[in-house]
Structure formats: C-alpha cells, structure tokens
Amino acid sequence: MARATMTSTPAATKGAMTLLIATRKGAFTLRSDASRRTWKLSAPMFLGHIVHHMVLDPRDRRTMLMAVSTGHLGPTIYRSTDGGKTWKESSTPPAFRKVHEGESGRTVNHVFWLTPCHANEPDSWYAGTSPQGLFRSDNGGVTWAAFSSINEDPQYLEWMGTVQDGTPDGPKLHSIIVDPRNPKHLYFAMSGGGVHESVDGGKTFLPLIKGLEVVEGFDPATVTFHDPHCVRLCPSNPDRLYQQNHCGIYRLDRPSNQWVRIGKHMPKAIGDIGFPMVVHPRNADVAWVFPMDGSTVWPRVSLGGKPAAYVTRNAGNTWSRLDKGFPKADAWWTVKRQAMTRDAHDPVGLYLGTTSGEIWASRTEGQSWVCIARHLPEIYSVEAAMLAR
Amino acid sequence: MRIHIPSALRAYTKQQSEVEVEGSTLGEVLSELDVRYPGFRFRIVTEQDRIRPHIRIFVNDEQAQELLTPLNREARVYIVCALSGG
C-alpha cells in the first residue's frame, strides 16, 4: 500500500460560497454573501439539458466542467475557464472503443461523475460514465480517453454486469477518489459492481468489498452484487473512508480491507439505507447521511415523510438526528447520491438538493436547516465551491 | 445537398435550420458536418457508428437505418429528434 507523506488537516475556509446545482433540466448556481445567510439564484444554464454533475476545479477555482446529455442527443462535457460565465464543448467527450464489425461494443449513455485529479496534476480530470467506464483528461477536459484497462478488461466487464444489474437509469461508475497524499492511489465505485482500489496509478485495480453486505440471499463474494451508493475519503485522515451502500453505512480504516457496518448503530426505526454520504473536512470522526425508506418496494423517500439528516461525531458509534427547520410531516423527499455536500467553513455548511427541486442549507453543521431555493427541476447533484475573485 | 437541422442541434450551426453539405453517403455527410461543426456528429451517432436511439434521419422521406445509406446530389436529408417523456 502506497502511503506517502502525511497531509495536514485543511484549514477552515471563509467567505462567499457558490453552490453548483445540476438538474434534470439544466444547471443553476446559488451564490451566498460572506455570512452564507442570503443566497441568489442564477438564471438557468443549458436549460432543458440533463446535467448530471457540475464541478469546480479546486486547483485554479476558475475552471468548471459540466457533464451533459439530453433525452435524444448523446453525452458530452462542457468546460468553462471563467467560473461559469462562458462554456465550450469538449472536442472529444468520453467514448468507448469502436469495435470491429460483428463485435458487441458499448456506448456511453451519459457522463455521471467528474473528479479533479491530484493537486500535483493540474488540468487532469477523471470521469465516470453510465454504463460503467473510467476516463481521464489531461488538458482540462478538452479531450478524454479511456483510463486504466477496466473498460475492456473481461473480469471487470463481468463485474460490471448488465444494464439489468444496475440502477434504473443505467449502471454508474462513481465516487472516483484520489488520495491527497499520492496521485497513484485511487478508488472508484460502481452501482453495481463494488468498490475498487489502485495503488499503481490505475494500471491495476482490485475489489475492496470485504465486510460489505449484499441483498439477502445473494453471495457477498460475487463482486457484481455489490451496490455502493456513495464513498467519501476524509481529507483530514485519508486512511479513513465512509460509504453509504445499498445495504448499509460503512467505515473503512486503512490499511485494513474490512469495511465495518457502522449503520448498525442507527436507530432501528430509521435504518441505514440512503444515497449520499458527507464527511467533515477537518474531523474524520464526523460524517453525515440522509436516510431514506428502503422497505418493501424501496420508496426511497424520507421515512414517514419526515426529512432528517443524521450525524455521527464518533466515527459511527452513535448517531444523532438533525431535523430542525425541515418539514415536520408530509415531505416525501429523495436526495440523490451527488445531491448532498458541504463546504469547509467553520462551522461547516451543509447543503442538499431534493428531487422535488428544493435546496436546503445549514450553516451549523446540520443543527438547523433553511430552504434557500425551491421550484427547481429534479436535482441530481450539488457541489459547494469557492470561486476565485 | 441541403440538410435540415433540428432545433436541438442549431447551437452547432449558428442557428441555421438548413445547411449545404456534399457527400455520397449519410456517413460522409455527417463527418463533413462534424468538421464544420465540431461535436455535432457524436450527439447523434454513437461511438459504434449507430444512429442514436432517439434520433431519426430521413433521406427523401425514407428513414435511414445506417451510415452507409447512399445519397445523390438532390437528396433531401432531415435530422429529427424523437422527443419523448416529460
């Protein structure tokens, strides 16, 4: 295991925040004042386009990438180098290898996930697609090429399964994570297909699924059956990862390969099913989840129509409910895996977007929440960004 | 020949609804359009050279199924987005 130099805990940030909001019908931004009390919604960008993810490059705080498709047009990536004022399309978006006549080839349906590469690799980005593929750009998102061998590897293709094994709108490669100490140490996750790790810069990957549960009656040794929803690495301790899985909430402390189901400590009436996972920027014992109803046919809405986040402040040993400010009843929210995030201020700001088009924010690490935008299209992702002035 | 451009793709053609392009097959025409308007082709044709599922291309009122469809100089080509859902 390559663990190079230790990182220091990132310092708390200050000042105005910008939320990058990707929706089923376009992208929006919400900009705050320095106190994060008031927010201003932008006009829609790419109105009518399906925007899966919009991410600011933290290395220059000006470049932004946006993963876009429409109901009929194929997938592409747009790039801005002026903080979202103007956009230009990638000249070579992520695409699978063209196969020979008679062979069965794959087609990228949409780009689902964008991750900037290591701080020492400026202009380089990773992208995860649906169906599952891993791609990289080394020119700021202008051109993309397959990264690693997994897109063609027979073993990985078997683990990825078929469209029937994936999420309803297509199996997705997501949660691409770069160890801040070492650009060659990478993780990614697939729904379905498990969590995977590389310690050689992506030349090889291996599954990292020990301890993770799968749907009752299936064999957890079969990689295909694993359905991670969201994996996060703690910036203050890159040896610790948290995961919201289809089958519970987990923590992993490296060098161990054994995930521990910390969701067992959630209240029984709530359970530990959900989509997003958020980790504290400076305290690896603190993480947040947003539980959903995973009973019967999986309604995937707030349990009992009463939205609540839950926080652990001791690495998953205990959990506390955070629902002050949320509706007390009749709120049937779904918060998707990319739609809950945080800033790095002190106290940490939390943000979530609902499929019913509302953005909720907390300036108090979840102690209280306010709605800062409503009536947006179905929200797919929310990222908290600090744009360069 | 004249190619009819649907509204969803006119951001590429500077809002022109029709453009003039030469080519002896549908594939050649789309490649020429991509040279002139970078990115155009991939939005309607997959990396496996298949016309995307919700795109229809008509040549003289007949639906073209593949890029090898021959075209003559008088052909009328319509690219149509098959909108569906809400």
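Convention: sequence-line order gives letters A, B, ...; per-chain numbering from 1.
Each of Arg106(A), Glu89(A), Lys98(A), Arg24(A) has some count of heavy-atom pairs under 4.5 Å with chain B, and the biggest count is that of Lys98(A).
When side chains are defined from C-beta on, Tyr126(A) counts as touching Leu186(A), because their heavy atoms get closer than 4.5 Å.
Using a 4.5 Å cut-off between heavy atoms, Pro94(A) contacts chain B through its backbone alone, with no side-chain atom that close. Only the backbone of Arg97(A) comes within contact range of chain B, judged by heavy atoms closer than 4.5 Å. Both the backbone and the side chain of Thr107(A) come within contact range of chain B, with heavy atoms under 4.5 Å apart. Neither the backbone nor the side chain of Ser90(A) comes within contact range of chain B, judged by heavy atoms closer than 4.5 Å. There is no contact between Phe40(B) and chain A, counting heavy-atom distances below 4.5 Å.
Within the 3.5 Å criterion, the main-chain N or O of His110(A) finds no donor-acceptor partner in the side chain of Ser69(A). Side chain of Arg56(B) to main chain of Pro53(B): a donor-acceptor pair is present (N/O by atom type, distance under 3.5 Å, no hydrogens or angles). A donor-acceptor pair is defined here as one N or O able to donate and one able to accept, closer than 3.5 Å; such a pair exists between the side chain of Thr224(A) and the backbone of Trp159(A).
Enclosure of atom NZ in Lys88(A) is not indicated, since only 12 or fewer non-hydrogen atoms of other residues, nucleotides or ligands lie within 6.0 angstrom.
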